[in-house]
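Because only heavy atoms are used, hydrogens play no part in the values below, and waters and symmetry mates are left out as well, while side chains stay in.
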Amino acid sequence: PASMTSSAPVFDAMQAMARLNIGALLVIDAGQVVGMVTERDYARKIVLVTRSSKATPVRDINRSPVVYVKPHQTSEECMALMTENRLRHLAVMEDAELIGLISIGDLVKAISDAQQRELGALQQYSSGWGSRAGVIVGRRRSGNQPASGVACNAVQSSVRPPPSSN
């Protein structure tokens with residue numbers, strides 16, 4: 001996932017987000033995730049208080065500690081955590097190693113895609129096709145896939161290389 005150091009100017013973080021068309025960056029120092037900075041942080045902690053984004057380091061506005069999930073957690077668990085904490089992004093960690101970053105948009109898309117697949121299967125089943133083909137429908141609820149399934153598939157599609165230091 002895209003990242004920035006805590007000592008980098010907020011301006012550089014915002015430039016990286018704009019260039020990569022993303023809304024959050026992980027803040028990493030010495031290989032450890034120490035925070036997350038978002039467009040929302042910028043709007044509330046720089047723009048609204050008229051601070052200089054070029055003179056303010058990321059550490060002054062980043063959210064810490066980072067709320068994270070593990071790959072086996074379900075999409076529903078991830079959504080509940082985001083809602084409960086009013087977050088739009090979650091880090092995905094396994095054995096203290098960062099493996100990805102998911103956004104609320106990733107989860108909504110994954111859950112919607114799963115529901116569309118289930119709806120299609122139900123429609124086929126109700127029209128008689130499914131019963132003849134031996135299709136079993138409804139074994140797993142559409143939004144209940146583990147993060148390593150649906151959510152981490154979304155993570156893989158949203159993982160971007162770190163911005164260059166240039």
Check your understanding: Is there a side-chain contact (heavy atoms from CB on, under 4.5 Å) between Met4 and Asn62 once you walk through the steps?
Key -> CA-CA 11 Å; Met4 190 68 52; Asn62 73 199; over 6 Å; no

Could you list the donor-acceptor pairs under 3.5 angstrom formed between side-chain atoms of residues 44-55 and any protein atom two or more places apart in sequence or on another chain?
{"unit_1": "Lys45", "atom_1": "NZ", "unit_2": "Ile61", "atom_2": "O", "d": "3.0"}
{"unit_1": "Arg51", "atom_1": "NH2", "unit_2": "Asp60", "atom_2": "OD2", "d": "3.4"}
{"unit_1": "Ser52", "atom_1": "OG", "unit_2": "Lys54", "atom_2": "N", "d": "3.3"}
{"unit_1": "Ser52", "atom_1": "OG", "unit_2": "Ala55", "atom_2": "N", "d": "3.2"}

Practice item. Compare every heavy atom of Gln73 with every heavy atom of Lys70, then report the nearest pair and how far apart it is. Key: N-OE1, 2.8 Å

Review item, side-chain donor-acceptor pairs of residues 78-100, under 3.5 Å, at least two apart:
{"unit_1": "Thr83", "atom_1": "OG1", "unit_2": "Met79", "atom_2": "O", "d": "2.9"}
{"unit_1": "Asn85", "atom_1": "ND2", "unit_2": "Leu81", "atom_2": "O", "d": "3.0"}

Point to revise | Heavy-atom closest contact (Ile22 atom, Ala2 atom, distance) | key: CD1-CB, 3.7 Å

Exercise for review: Supply the atom-to-atom distance Ile28 CD1 to Met36 CE, rounded to the nearest 0.5 angstrom.
Suggested key: 10.0 Å

Revision key, fill the gap. Between Pro57 and Ser7, the two heavy atoms sitting closest are CB-O, 4.0 Å

Check your understanding: Hey, mind stepping through Glu118 and Gln115 against side-chain contact (heavy atoms from CB on, under 4.5 Å) and telling me if it holds?
Key -> CA-CA 5 Å; Glu118 186 171 331; Gln115 288 173 343; 5.6 Å; no

**Study point:** Val37 reachable from Leu20 in the ILVMFWY side-chain graph, under 4.5 Å edges
**Key:** yes

Practice item. State plainly whether one hydrophobic cluster holds both Leu119 and Tyr125, where clusters connect Ile, Leu, Val, Met, Phe, Trp and Tyr through side-chain heavy atoms under 4.5 angstrom apart. Key: no

Practice item. Please confirm whether the backbone N or O of Leu26 pairs with a side-chain atom of Ser3, one donor and one acceptor, at under 3.5 Å? Key: no

Point to revise | Counterpart residues, side chain to side chain contact (heavy atoms under 4.5 Å, CB included), relative to Gln15 (two or more places apart) | key: Phe11, Asp12

Review point. Listed by chain and number, what are the side-chain hydrogen bond (donor to acceptor under 3.5 Å, both in side chains) partners of Ser6, not counting sequence neighbours?
Key: Asp29

Practice item. Output all residues satisfying side-chain hydrogen bond (donor to acceptor under 3.5 Å, both in side chains) with Arg63, sequence neighbours left out; order by chain, then residue number. Key: Asp41

Check your understanding: If you measure from the Lys or Arg side-chain nitrogens to the Asp or Glu carboxylate oxygens, is any gap between Lys109 and Asp113 under 4.0 Å?
Key -> yes

